[in-house]
Amino acid sequence: MDKSILILGACGQIGTELTMVLRQKYGNDVVVASDIREGSGPLMESGPFELLDATNYEAIEDVVMHYEIQEVYLMAAMLSATAEKFPMRAWNLNMNSLFNILNLGKDKKIDKIFWPSSIAVFGPNTPKEHTPQHTLMEPSTVYGISKQSGERWCEYYSKKFGVDVRSLRYPGLISWKTSPGGGTTDYAVEIYHKALEEKAYNCFLSEGTKLPMMYMDDAIRATISLMDANAGNLTVRSSYNLGAISCTPSEIAQSITSHIPDFEISYEPDFRQQIADSWPSSIDDSMAREDWGWKPTFDLNRITSEMLENLKK
Ligand code: SER
């Protein structure tokens, strides 16, 4: 039998694209999309969809049993900027949803789990450049604390109960199909929309804020490669560092200027600056490269061309 897959948070920035790629790979009927509210377009039309709250264990268990689900991708989360405003809601969503899925794994109701972590697990005392896999972490944001705790629990369930949980520390993700919401790296998506609509963008981070970033196609490919990897090759059961490019708002602006010469950027840093300042500038992802052959393919110029071309349509 084909494997059947459940995606929680399927209508979000990553979930939308991940669902469509998984449906292409495994078949529309065996990839069940779910979210707390309905999405739109191809995601809703191409295969099964369930309204599902990721914090409701019984509801998830019902769907898992009904569709005989084997793999779960838990993409529902509250991101860094929103989490600073609603710390307890962020903690409850980010942690309870993870425990629900880990416990399904522990009880052998599902075989394999993907759970996203983030560069936000690192903090102001972490080495900023080429941040290693294993290093001082001390996250200083609500979101980062929830992701670091989540990583510890993933490793614990893997070691203690043999749960096959796999995870990536995503950098900021740049994509055109679905907008992100409530993150600190969201500027790197907004900037392209504003460049096309208004030829101007007022950035909420300062011009020299260098952060690790990645194009969505690379992120989806990394996710699926990790899930396809031979379990015996995986030496990290907390979460893998994952890198592609590192850039500043001013570098993205420059790359846009080669397509839209009169594009102008201005800077008005807000509370998100402090979040960004606590995160690494670049990531050492050598363990992902060694263990399961990770290699990014999109550089900044290619990302800019793809973003502008697709958003124009
Ligand atoms: N992109 C996320 C955020 O900005 C970090 O994982 O919150």
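These numbers come from a predicted model, not from an experiment. Note that ligands are numbered from 1 as they come in the structure, with each ligand's atoms numbered from 1 the same way.
- Using a cutoff of 4.0 Å between basic side-chain nitrogens and carboxylate oxygens, K194 and E198 are scored as salt-bridged.
- The shortest N/O to N/O separation between D186 and ligand 1 does not fall below 3.5 Å.
- Counting protein heavy atoms only, atom 1 (N) of ligand 1 is closest to T185 OG1, 2.8 Å.
- For ligand 1, the atoms lying closer than 4.0 Å to a non-hydrogen atom of T184 are 3 (C), 4 (O), 7 (O).
- Taking the six-membered ring for Trp and thresholds of 30 and 60 degrees, W292 and W294 have ring planes inclined between 30 and 60 degrees apart.
- Which parts of ligand 1 touch S118 is read off a 4.0 Å heavy-atom cut-off, strictly below it: atoms 5 (C), 6 (O).
- Under the 4.0 Å criterion applied to side-chain N and carboxylate O atoms, D270 and R272 are assigned as salt-bridge partners.
- Under 4.0 Å from ligand 1, the heavy atoms of W279 that appear belong solely to its side chain.
- The aromatic rings of F114 and Y170 sit tilted relative to each other, their planes meeting at an angle between 30° and 60°.
- Residue contact check: L79 has heavy atoms under 4.0 Å from atoms 7 (O) of ligand 1.
- Not a single donor-acceptor pair under 3.5 Å links the side chain of D291 to the backbone N or O of A288.
- Not a single N or O atom of Y170, backbone or side chain, sits closer than 3.5 Å to an N or O atom of ligand 1.
- In summary, the atoms of ligand 1 found under 4.0 Å from a heavy atom of S80, numbered by their order in the structure, are 3 (C), 4 (O), 7 (O).
- A donor-acceptor pair is defined here as one N or O able to donate and one able to accept, closer than 3.5 Å; such a pair exists between the side chain of R169 and the backbone of Q133.
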